[in-house]
Amino acid sequence: MTHSTGSVSACLPIHSDLDLVRVRQHVRQMTAQLGFRLVEQTKLVTAASELARNALIHGGGGQMECTPVSSSGGVQGLRLVFSDQGPGIADLDQALSDGYTSGEGLGMGLGGARRLVHEFSIDSRRGVGTTVTVTSWTSRPPRPREAP
Amino acid sequence: MPEQQAAEHQTNPVEEVEAFLRRRREQIAQRWADATLFRTVFTVSRDEAVEAGRTVVEALAAVAASGRVEDAEADGFAVVREQLARTAHSRARAGATLAQISAEMDALRPLVTDLLLDELSEAPAEHLRECTTALTVLMGTLRLVMLETTTIAGQELINRQRLELLEIATPVIKLWEGIVAVPLIGTLDSARSQVVMETLLDAVVEQHARIAILDITGVPTVDSLVAQHLMKTVAAARLMGAECIVSGIRPAIAQTIVHLGIDLSSVLTRASLADALAYALQQQGAHIVPNPASTVEAR
Ligand SMILES: Nc1ncnc2c1ncn2[C@@H]1O[C@H](COP(=O)(O)OP(=O)(O)O)[C@@H](O)[C@H]1O
Ligand SMILES: [Mg+2]
């Protein structure tokens, strides 16, 4: 179980290249404040950059919600929710596979972002939009199921 | 006489304000011309300041005529919006902050409300209060319109500076005969990458460079788009007969690139600019011989 630490979550618009810069800066600042190690900071910032750009390029713009969370074990983390009201993703497996792009990118963003974070989930509906939720923790991710 | 006055006092305060503005247009414009806002913007000629003031008063009267004194979107403001934007822009360029511009705008208000108070000194207190309130609200709305254009002007300034930054932030440094380096600092978005690529290719041609070093020590994030730009630049340099080395990939970024799944094996990389230069010199047939004396000293 994770829950919001009660710290206010921030909501940043994603409508331009400049917004992408703000998204990265915000995530970098938050991860630094929460005590993420440099490598983990860099990973989450890079994942945020990929997902925010997808929301901008493929989703036609959207937003990122950024919330500090803590696990039941008291580990600090950061949850990022990217949402857009774009066309949605028809084939999720295909979109997540390395090298697939419907545009002119490298096709490494979605799959890469999933590898860069501790938790990753995606909810996409055609014609409605796409929401990608990622969470990373300051220390080793809490195991989803405790061994009995 | 008393009857006539009574009739006048029954007019709607907003209409009264409109009539007042039209009647006193010239006087108000003259007063404003000497206020800081107009004085500092129209430095060359006072007549110009007065003319600008007249236009603003007319716009205010038009807004009052439409009855929408509290509406910044009122059509009447349309004619002065551009003028206000230019005024604000000029103040901002002169170093005025948003708060200062706001205060200077606010300083225009008593210059016109005082005139109204004089003119209506005989009117019943209630009517006087309603008229001054209407005029004060109208001036407040004008200030809002002005501040809106200021923020927009500020955004344009930022955009322009950003464009300028695109060019100045991409210096090409000649390190040695046939070796050029481009130290990249900041965000490598698509526009910036395009400039980097063009600058680098131009330098390769002009300086007959055989080796070009792209140093990314100052690039905070390398995501798939940045990596793609780097690979494109390297490929283009190769087509021009130059070898391109990417240096300054910090450990955290190297690990991130690996997790991201990007294969940079087609790109020649070195940890630091110094390593890249040493490699480049070697390729050019230059040999660096450590000075024995300094080596001894260092120990
Ligand atoms: N927010 C989104 N809305 C719609 N389609 C998306 C979205 N994010 C990703 N996609 C689809 O998934 C594909 C793969 O995404 P990604 O791995 O980031 O590669 P790239 O962005 O380089 O194309 C995209 O080309 C696009 O078709
Ligand atoms: Mg992408």
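Chain letters run A, B, ... following the sequence lines, proteins first, then strands; residues in each count from 1. Since we're looking at a predicted model, the values are computed, not measured.
- What you find for B:G261 and A:M108 is that their closest heavy atoms are O-CE, 3.0 Å.
- Using non-hydrogen atoms only and a strict 4.5 Å limit, the part of residues 51-65 of chain A facing chain B consists of A:R53.
- Here the CG atom belonging to B:D263 is positioned 10.5 Å from the CG atom belonging to A:L106, to the nearest 0.5 angstrom.
- Scanning both residues, A:S49 and B:D223, for their nearest heavy atoms gives OG-OD2, 2.6 Å.
- Looking at B:V222, only its backbone comes within 4.5 Å of chain A, counting heavy atoms on both sides.
- Within the 4.5 Å cutoff, the side chain of A:T42 has no heavy atoms near those of the B:R250 side chain.
- Atoms CG and CD, from B:L225 and A:E50 in turn, are 8.0 Å apart once rounded to the nearest 0.5 Å.
- Here OG1 of B:T256 is found 8.5 Å from CD of A:E40. Values are rounded to the nearest 0.5 Å.
- Using a 4.5 Å cut-off between heavy atoms, A:A47 does not touch chain B at all.
- Atom CZ of B:R81 has more than 12 heavy atoms from other residues, nucleotides or ligands within 6.0 Å.
- The only option from A:V27, A:L20, A:V21, A:V45 that meets the side-chain contact (heavy atoms from CB on, under 4.5 Å) definition with B:T221 turns out to be A:V45.
- Between B:I257 atom CD1 and A:T46 atom OG1 the span is 8.5 Å, to the nearest 0.5 Å.
- With values rounded to the nearest 0.5 angstrom, B:Q255 atom CD is found 11.0 Å from A:L116 atom CG.
- B:P220 touches chain A through backbone and side chain together, each having a heavy atom under 4.5 Å away.
- Pairing each heavy atom of A:E104 with each of B:Q228, the nearest pair is O-NE2, 2.9 Å.
- When every heavy atom of B:T187 is checked against every heavy atom of A:R24, the shortest pair comes out as CG2-NH2, 3.1 Å.
- Closest approach of A:R115 and B:H259 over heavy atoms only: NE-O, 2.8 Å.
- Proximity to chain B is limited to the side chain of A:R28, based on heavy atoms less than 4.5 angstrom apart.
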